[in-house]
Every structure is written in C-alpha cells, then in structure tokens.
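Reminder, nothing fancy here: chain letters follow the sequence lines and each chain counts from 1. Reckoned from all heavy atoms, side chains included, excluding hydrogens, waters and symmetry mates.
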There are 2 protein chains.
Amino acid sequence: MLDLENYLPYLLNRAGVRVAMKFTQDMRPQNITVQEWRVLASLNFNGPQRMSALADHTSIDRTTLSRLVSRMEGADLVSRSRTEEDGREVHIGLTKKGAKLTEGIVPLAKRYEEIALEGFSPEEAVALRDMLRRVYGNFEKL
Amino acid sequence: MLDLENYLPYLLNRAGVRVAMKFTQDMRPQNITVQEWRVLASLNFNGPQRMSALADHTSIDRTTLSRLVSRMEGADLVSRSRTEEDGREVHIGLTKKGAKLTEGIVPLAKRYEEIALEGFSPEEAVALRDMLRRVYGNFEKL
DNA sequence: TATTGTTATACTCTATAACTATA
DNA sequence: TATAGTTATAGAGTATAACAATA
C-alpha cells in the first residue's frame, strides 16, 4: 500500500507541474512555453552559448532543444550561428526582440517565486532550494 | 536578471520531471506511464472510486483521465461500471490483473522514495513533503 | 572514430471546446 | 439547467534511432 498524499515523488511532480501549468497559462499572451522561457532566461543570465551548454543550463533534451530553438528562431527571439573555431558548434544568442521579451517577463517570473514561497520563512526557502537540488542530484547519478 | 540555478520554479519542475522520467524508463517493461501508475496507486490505496474522485486524488485532468482509463481498460488493468444510484457516475476499480501489477510495482515505487531522500534526515524528509504541499496549495488558489 | 547538432517517427500529455446522457 | 463523463483537435514534450557535417 502506498498513499499518494504522502508519497514524495508524487508531491514533487505534482507541485512542479502545477507551477509550470500556471505559468504556461499566464504566458499565453506572450505565446511562449515554459521551456522557451527557460531558454530565454538562460541566454539572458548566462549570455550567448552553444547548444550543448544551453541544454545543460535548461535541462532540456538536445533533440527537443534543437526544434525548440528552430521555433524560437522563426519567431525572431534567438539567433543561430556557426562558430569559426569549430564548424560543428552552433552559438545561440538573444535577438533584440528576444531580449526585450525576456525583460518583460522577468518581473512576472520573480512574482512566481514569491507566490510559491508565500508563507515560507527565508530559512525555509533556502532549505527548499537546497533539498530540490539534492533530490535532482540523487537521480542524476542513475 | 534571473539565475535559473537559484530560481525555485525551475528547481522544482526540474526535480519533478527528472524523477518522473526515470520512473517512466524503469516502467518500460511493465509498459505503463507515470499517470497510469498514479491511477493504479490511488485505486489500490483509496479503493474503487468515481472518475471525479480519481481525478482529484491523482491531480489528473478529467479529459486526460477519461482517455487514460480507456487505455487501461483496454489493457485489462481497470474496470468501468455505471452506478445504479446515479446513472451519470462511473465507478473505476482494479481488475485482478491491475491489482497484481500494482503490487509488483509498489516495492520499486518505495525504492524511488528512498533514492529521492538519500542523504536526508527524517526531519528534512518531513519538512520537504510539507513544503511541497504548501507550494502546491499556494498555486491552487490562483 | 568521436563529437555536435539535426531530423524523423510514434507516443503521451495538455488545452479547449463541443458533446451525450442523466438529474 | 446543472452535473458526470466522453470525444475531438491541435500543439508541445519525450524517447529512440538514424543522420550529416566536422574534428
């Protein structure tokens, strides 16, 4: 027997999906998905980068990311360019439109973090982030 | 600017997705998805129930659940039947095959919780479950 | 041969709305 | 009219494998 209400993998997945779904709804006017937002956020924070680095930073599968970037390129949010040193590598960067869109979303994204942590003490928030990284790490090895 | 590495919604979704993905891979031989597993687990723990109750217990959207149950019915894992009191209601229950499959999965599911919480003190585990419920609740209102 | 990235296919899940049957 | 559940359609993400180009 196993009670979902106390089963950690369920609680974890449920909370993560719920937040992502809500975000998706709010992003309907901007017409971007959660994954696209991650790409924008990473490019904004970490700067232009290769596909493989972007995949690492966003935890998006490489094949998914490739099509995601194509879509975003079509929407003029990011630019793709081969590097000169290594012809295999592709560098991704924000376009002006992409940068502008990202800056417009950041305040809402920060608001999301506030909502998630409503009723949490600063110490709890720190502990939660830490524990989520540890859980992720525990499954990364496998 | 916003660093994904410290952004709670990202950390939360990433961990939840990672665990679910790993579970999906391990369930390939049994040929069931995470959502199907939730249905099995809820029927096993909470007993036979109506579609709407099942949707609540598993946090699965009603339209998704309806097709999910159809698929599981086709695989002879659950049974569907109209109730006599109210002709609109549908009761879902585990078949023998479904019950047997569920019992076989429970040990692995428990193992998953152990892996997730590796390196956690009992107090931390309790705190994490509690915080995940609170985050979920903070977004439920919206 | 190994690495970087892209493409193809099939499947699951989500979002939305329209729909049937019963109350 | 309201409720319980189903069906339809389109889009997004995932899994897997095969593929091209460069190193």
Side-chain angles (χ1 to χ4, degrees), chain A residues 13-14 16-39 49-75 77-92 139, chain B residues 10 13-14 16-39 48-75 78-92:
Chain A
N13 191 258
R14 179 180 76 160
V17 168
R18 161 72 55 119
V19 175
M21 271 174 52
K22 208 72 194 159
F23 187 81
T24 300
Q25 286 176 18
D26 286 353
M27 282 302 106
R28 194 163 315 284
Q30 280 76 16
N31 206 37
I32 66 161
T33 66
V34 169
Q35 308 264 58
E36 287 167 349
W37 155 243
R38 285 188 189 173
V39 168
Q49 52 198 295
R50 295 170 29 190
M51 288 295 283
S52 55
L54 195 52
D56 286 346
H57 286 138
T58 57
S59 302
I60 299 174
D61 174 81
R62 284 166 172 72
T63 72
T64 302
L65 184 62
S66 188
R67 272 170 305 127
L68 199 67
V69 166
S70 295
R71 202 162 66 216
M72 296 176 76
E73 198 181 11
L77 297 176
V78 302
S79 62
R80 235 199 278 237
S81 59
R82 295 274 169 191
T83 66
E84 294 178 5
E85 312 103 49
D86 189 327
R88 294 171 302 184
E89 300 180 359
V90 171
H91 264 72
I92 313 297
F139 277 92
Chain B
Y10 169 68
N13 191 258
R14 180 181 73 159
V17 167
R18 161 71 56 118
V19 176
M21 271 174 51
K22 208 71 191 160
F23 187 80
T24 299
Q25 286 176 17
D26 285 354
M27 281 303 107
R28 191 162 317 283
Q30 280 74 19
N31 206 39
I32 66 163
T33 67
V34 170
Q35 309 263 60
E36 289 167 347
W37 155 243
R38 285 187 188 175
V39 168
Q49 51 198 297
R50 295 171 29 192
M51 288 295 284
S52 54
L54 195 53
D56 287 346
H57 285 138
T58 57
S59 301
I60 299 175
D61 173 81
R62 284 166 172 70
T63 73
T64 302
L65 184 62
S66 189
R67 271 167 307 123
L68 200 65
V69 166
S70 296
R71 204 161 64 215
M72 294 175 77
E73 198 182 11
V78 302
S79 63
R80 236 199 279 237
S81 60
R82 295 272 168 191
T83 67
E84 294 177 5
E85 313 102 50
D86 189 328
R88 294 172 302 185
E89 299 181 359
V90 172
H91 264 70
I92 314 296

Look at the side-chain N and O atoms of [X] and state whether any lies under 4.0 Å from the OP1 or OP2 oxygen of [N].
{"X": "A:Thr64", "N": "D:dT14", "answer": "yes"}
{"X": "A:Arg71", "N": "D:dG13", "answer": "yes"}
{"X": "A:Thr24", "N": "C:dA15", "answer": "no"}
{"X": "B:Ser52", "N": "D:dG5", "answer": "yes"}
{"X": "B:Arg67", "N": "C:dC11", "answer": "no"}

- Task: Check every strand shown and say whether B:Ile60 touches a base, only sugar-phosphate, or nothing at a heavy-atom separation below 4.0 Å.
- Result: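 Nothing: the residue B:Ile60, judged by heavy atoms under 4.0 Å, touches no strand.
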- Message: Within the 4.0 Å heavy-atom criterion, would you say B:Arg50 contacts the bases, only the backbone, or no part of the nucleic acid?
- Response: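 Sugar-phosphate: the residue B:Arg50, judged by heavy atoms under 4.0 Å, touches backbone atoms but no base.
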- Item | Over 12 foreign heavy atoms within 6.0 Å of CD, B:Gln25 |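 Check passes, neighbour count above 12.
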- Side-chain touch A:Val78/A:Val69, heavy atoms, less than 4.5 angstrom: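 Side-chain contact under 4.5 Å: yes.
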- Message: Closest-nucleotide mapping onto DNA chain C: is B:Leu68 or A:Ala53 further toward the 5' terminus? I mean the 5' end.
- Response: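 So the residue in question is A:Ala53.
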- Return the nearest nucleotide to the side chain of A:Met51; candidates are C:dT14, C:dG5, D:dT6.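 Comparing C:dT14, C:dG5, D:dT6 against the side chain of A:Met51, the answer is C:dG5.
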- Out of C:dA15, D:dT6, C:dT7, which nucleotide sits closest to the side chain of B:Ser66?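 From the listed options, D:dT6 comes nearest.
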- Item | Sequence-aligned protein contact record of nucleotides 16-23 of chain C, with B where the base is within under 4.0 Å of a protein heavy atom and S where only the sugar-phosphate is | BB----BS
- By nearest nucleotide on DNA chain D, pick out whichever of A:Ser59 and B:Arg62 is the more 5' one.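 Whichever sits nearer the 5' end wins; that is B:Arg62.
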